[in-house]
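What follows is a single structure, written as structure tokens, with notes after it.
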Amino acid sequence: MSTIQITLPDGSTRDLESGATGLDLATSIGSRLAKAALATVVDGAMTDLSTPLPSGSTVAIVTEGTPEGREVLRHSTAHVMAQAVTRLWPGAHFAIGPAIADGFYYDFDLPNGARFTDGDMERIEAEMRAIVKENQPFVRSEHSFDEGLALFADQPFKVEIIKSVQEGSREDLDEVGSASSVSAYRNTDSFVDLCRGPHVPSTGRLGHFKLMRVAGAYWRGDEKRPQLQRVYGTAWESKTALEEHITRLEEAEKRDHRKLGKELDLFSFPTVLGPGLSVFHPKGGTIRRLIEDYSRQRHVEDGYEFVNSPHITKGELFETSGHLEWFADGMYPPMELDEGQKYYLKPMNCPFHLLIFNARPRSFRELPLRLFEFGTVYRYEKSGVVHGLTRVRGFTQDDAHILCTREQMHDELISLLNFVLDLLRDFGLNDFYLEISTRPPEKAAGTQEEWDEAEATLTAVAQSHGLELVLDEGGGAFYGPKISVQAKDAIGRTHQMSTIQLDFQLPQRFDSSYIGSDNQRHRPIMIHRALFGSIERFIAILIEHYAGALPTWLAPEQVRILSVRNDHDDYAWEVAKTLKAKGARVVVDEASEPLGGRIRRAKLEKIPYILVVGDDDVRERTLGINARGSNDPERGVGLDEFVNRFVDEVASHGMPEGR
RNA sequence: GCCUGGGUAGCUCAGUCGGUAGAGCAACGCACUCGUAAUGCGUAGGUCAGGGGUUCGAAUCCCCUCUCAGGCUCCA
């Protein structure tokens, strides 16, 4: 018997009998590894544990609990679900079933137009558990295209995939395995699925899964093609990992800004207004005012000019800008006046800012001109897409347009990105990465040099911040490249925050120009930028980031003072007066009901500081401090000491020290 | 826009087989005056999302509309 030599990831080598598989390799290393093994990576490509290893290859064992291991496990679980569905609904067609973040899905088309209901989830799960118990093997086979078409003759979606690969489409290569043949995995005589693999050795290796929901999904993601039913599930390597995942979902749900917005009385969506239209209540309005005030202050410091524009305009403006040509679907239909004049609600502020620029001849000496506005815009989002404050039909952008010369573009972008990151950090968002969208391959406004310079500058600036940079090749709009700042929140979700977009197009459409030092007219470059994106969305992200416990400087109510008995009320009001003189937002809650109940209510409202004043405090001019996040009140703190602490914390944008 | 599931008091929810509407919290009133996460008693609060239908009788069954949630598509 000949032997083969295998190199392990650590560089060591092992000799195995010819024909040895990944499982043999794992077994030769240790029984625990063999038990945890799910698949192998042979020279960088994932294969099944049962595939014979080629001599001289470098092999890594994929184990449970690793990202690759989970992917294999989830993908295999998707197959089990497809089998379960075909058992329960004979004749069901299945389309595509990949592993995704935290789980998997599979798309189905049930016979006779049948639909899944929520109650079916349990039935399918039970059938899946039976399949797991049967410990069916995953057996790989390779076929020619014709064999593949015959094998899946009763599965039209699979046939379509095979045919499209056969015709040279690369889109479905991942499903099939290669451009010259198709691979399939068989679990039983009656269930086989087209698949690239790899899979776990047998269904007995699975089991820690849960079906989450059913949803409609278009075949091929195309709105015009039939809608299939997608079943989502989550799957993990152990019961503990599954439970932890469920707990994380519950945690995210607790942070949901729509839920907290209601509980904390910040904003609402009165149904009489229509979908995607919000009202801010006093507390939410306070948060909003604080965010806007701070933003205004920073913009003044950074050399922005404040402008203002109306919410409606004649259609001509958006004809000039091109919005009516390209973006009409996203706009509210026009209001038509008696004379036939059409007025539109504005979906964007940029054309107005260009009118301001164009209002009189501009000199190069005025550039860069930075025009800022909290501009409220209206977009007719499709009814199914509105979501809390993050996707609405009426919202306010912290919108600015910078008009500058091409020579100024570089420095302007550098200072702009610094400004953005600095501002976001002031709100406690610290974990960023950047995404750069570059020149689209087909048509693009502006010269190649302008694009190159803009892209190089954006890249250099991003790198100078040491931030992770994701390239969105060719993803820019035709009128200019874009950089967007993605921020990770406290539980690791990413949100698109700021966008900085260069525009080589709009100044041309509006025939904007400035007079250069050469006494000639020149076309300015325009930079669109919104740092919060929209204030509504930014508030939503902050609420979720902080789980509603906003830092003291942003808390609508910062301090609540509770008197122990009514004869402490006067002192409570005196403390309130002292704090208000320092700008604090304070409420006094007099002793009309027991202290415990008042403490509880204030805690539920996530107020940063609850101050309790009783006999000792009136006598000594002190306070009892119950800070948010703490269940261990501090007694006998001097009033002046607290005031200083509070003022420092607000100035530094800090949080209460909940011990 | 499409698919699936919802909509009962301000909030969170219960409501059996189709038989005439319930709880807790919040609100309001009275009493209680208390040192760190729920004081007690009482009062009031409903077009069961809206409209239509079936029925002796509808929160409950059927249809339409509105709206919300989760997805899909979309997000220049």
Side-chain angles (χ1 to χ4, degrees), chain A residues 105 107-109 113 115-121 212-232 253 256 258-259 262-263 265 268-276 321-323 325-331 347-348 350 379-388 390-392 437 440 475-480 482 496 499 501 503 505-506 528 533-534 537 562-569 590-605 610-618 623-628 630-636:
Chain A
Y105 69 78
D107 288 345
F108 298 98
D109 184 23
R115 307 279 182 199
F116 291 123
T117 66
D118 283 356
D120 291 331
M121 298 296 101
M212 306 301 283
R213 63 184 76 92
V214 58
Y218 298 104
W219 167 234
R220 300 289 204 188
D222 185 343
E223 217 174 343
K224 296 185 178 55
R225 308 203 59 175
Q227 189 161 36
L228 308 175
Q229 294 194 82
R230 178 170 297 178
V231 180
Y232 283 91
E253 206 173 315
D256 192 313
R258 293 165 301 179
K259 179 175 146 71
K262 192 183 275 181
E263 285 173 3
D265 194 19
S268 61
F269 298 88
T271 50
V272 289
L273 297 186
S321 70
H323 287 110
E325 187 179 349
W326 302 106
F327 192 63
D329 282 354
M331 292 171 65
M348 303 204 141
C350 17
R379 299 186 186 176
Y380 189 70
E381 302 287 356
K382 284 203 266 179
S383 64
V385 307
V386 297
H387 177 94
T390 59
R391 193 82 184 270
V392 286
S437 305
F478 75 91
Y479 53 82
K482 182 172 79 172
Q496 182 179 321
T499 57
Q501 167 109 46
D503 190 339
Q505 167 84 4
L506 215 52
H528 307 246
S534 87
R537 216 171 79 84
L562 314 182
S563 47
V564 175
R565 282 193 318 270
N566 278 130
D567 46 340
H568 309 127
D569 289 347
E590 294 184 350
S592 57
E593 59 177 312
L595 184 62
R598 286 179 288 153
I599 296 267
R600 180 182 148 83
R601 189 142 28 100
K603 287 280 185 189
L604 290 174
E605 290 177 45
I610 301 165
L611 304 182
V612 176
V613 292
D615 287 335
D616 298 350
D617 301 298
V618 172
L623 308 162
I625 302 175
N626 193 329
R628 189 176 63 204
S630 162
N631 281 315
D632 178 19
E634 218 180 328
R635 291 280 298 270

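Lettering of chains follows the sequences in order, A, B, ..., and the numbering in each one begins at 1.
In this structure, of B/rG35, B/rC3, B/rU33, it is B/rG35 that holds the atom nearest to the side chain of A/R635. The side chain of A/K382 approaches B/rU73 more closely than any other nucleotide in the set B/rA76, B/rG35, B/rU73. Minimum atom distance to the side chain of A/R600 is reached by B/rA37, of the listed B/rU33, B/rA37, B/rA76. Checked against B/rU4, B/rU73, B/rG71, the side chain of A/R213 finds its nearest nucleotide in B/rG71. Comparing atom distances between the A/A215 side chain and each of B/rG71, B/rC11, B/rA76 picks out B/rG71 as nearest. Checked against B/rC72, B/rG35, B/rU36, the side chain of A/R230 finds its nearest nucleotide in B/rC72. Distance from the side chain of A/P275 is smallest for B/rU67 among the nucleotides B/rC74, B/rG71, B/rU67. Comparing B/rA76, B/rC72, B/rU36 against the side chain of A/P633 picks out B/rU36 as the nearest. The side chain of A/E593 sits closest to B/rU39 out of B/rU4, B/rU39, B/rA37. If you check B/rG70, B/rU33, B/rA37 against the side chain of A/K603, the one that comes closest is B/rA37.
Only the P atoms considered, B/rA14 is 12 Å distant from B/rA9, to the nearest whole Å. Using atom P as the reference point in both B/rA69 and B/rC63, the two lie 24 Å apart (nearest Å). B/rU8 and B/rG15: their C1' atoms are spaced 9 Å apart (whole Å). Comparing the C1' positions of B/rU60 and B/rU55 gives a spacing of 13 Å, expressed to the nearest Å. One P atom belongs to B/rG22, the other to B/rU65, and the distance between them is 34 Å to the nearest Å. A gap of 12 Å separates the P atoms of B/rG45 and B/rG10, to the nearest Å. Of the P atoms belonging to B/rC61 and B/rU16, the separation is 10 Å, rounded to the nearest Å. Distance check on atom C1': B/rG57 versus B/rA21 gives 16 Å, rounded to whole Å.
Within the 4.0 angstrom heavy-atom criterion, base atoms lie near A/G614. Counting non-hydrogen atoms under 4.0 angstrom, A/G624 reaches a base of the nucleic acid. Residue-level contact check: A/S592 touches the bases, meaning some heavy atom is under 4.0 Å from a base atom. A/Y105 comes within contact range of no nucleotide atom at all, as no heavy-atom separation falls under 4.0 Å.
If you measure from atom CD of A/E263 to atom P of B/rG10, you get 18 Å, rounded to the nearest angstrom. If you measure from atom NZ of A/K259 to atom C1' of B/rU12, you get 9 Å, rounded to the nearest angstrom. Atom CD of A/E253 is separated from atom C1' of B/rG70 by 11 Å (rounded to the nearest Å). Put simply, CD on A/E381 is 6 Å from C1' on B/rC75, counting in whole angstrom units. One can place CE of A/M212 at 10 Å from P of B/rG71, the figure rounded to the nearest angstrom. Atom pair A/L595:CG and B/rU39:P shows a separation of 10 Å (rounding to whole Å applied). Nucleotide B/rC2 holds its P atom 16 Å from the CG atom of A/D222, rounded to whole Å.
For the residue pair A/N626 and A/P633, the shortest heavy atom distance occurs at ND2-CG, 4.1 Å. Between A/V385 and A/R391 the shortest heavy-atom distance is O-CG, 3.3 Å. Across every non-hydrogen atom of A/Q501 and A/K482, the tightest pair is OE1-CD, 3.3 Å.
Taking only distance into account, the side chain of A/R379 never meets the base of B/rC75 through a donor-acceptor pair shorter than 3.5 Å. In terms of polar N and O atoms assigned as donor or acceptor, the side chain of A/D615 never comes within less than 3.5 Å of the base of B/rG35 in a complementary pairing. Looking at A/R391, its side chain comes within 3.5 Å of the base of B/rC74 through a donor and an acceptor atom. Put simply, the side chain of A/Y218 and the base of B/rG1 share a donor and an acceptor less than 3.5 Å apart. Judged by distance alone with a 3.5 Å cut-off, no donor-acceptor contact links the side chain of A/Q229 to the base of B/rC3.
A stacked arrangement is not assigned to A/Y232 and the six-membered base ring of B/rG71, the conditions of a centre distance below 5.5 Å and an interplanar angle below 30° not being jointly met.
Using a 4.0 Å cut-off between charged nitrogen and carboxylate oxygen, A/D617 and A/R635 do not count as a salt-bridge pair.
Counting non-hydrogen atoms of other residues, nucleotides and ligands closer than 6.0 Å to OH of A/Y380 gives a total of 12 or fewer. Counted within 6.0 Å of CD on A/E253, heavy atoms from surrounding residues, nucleotides or ligands total 12 or fewer; the atom is thus considered open.
Here CG of A/N631 is found 5.5 Å from NZ of A/K603. Values are rounded to the nearest 0.5 Å.
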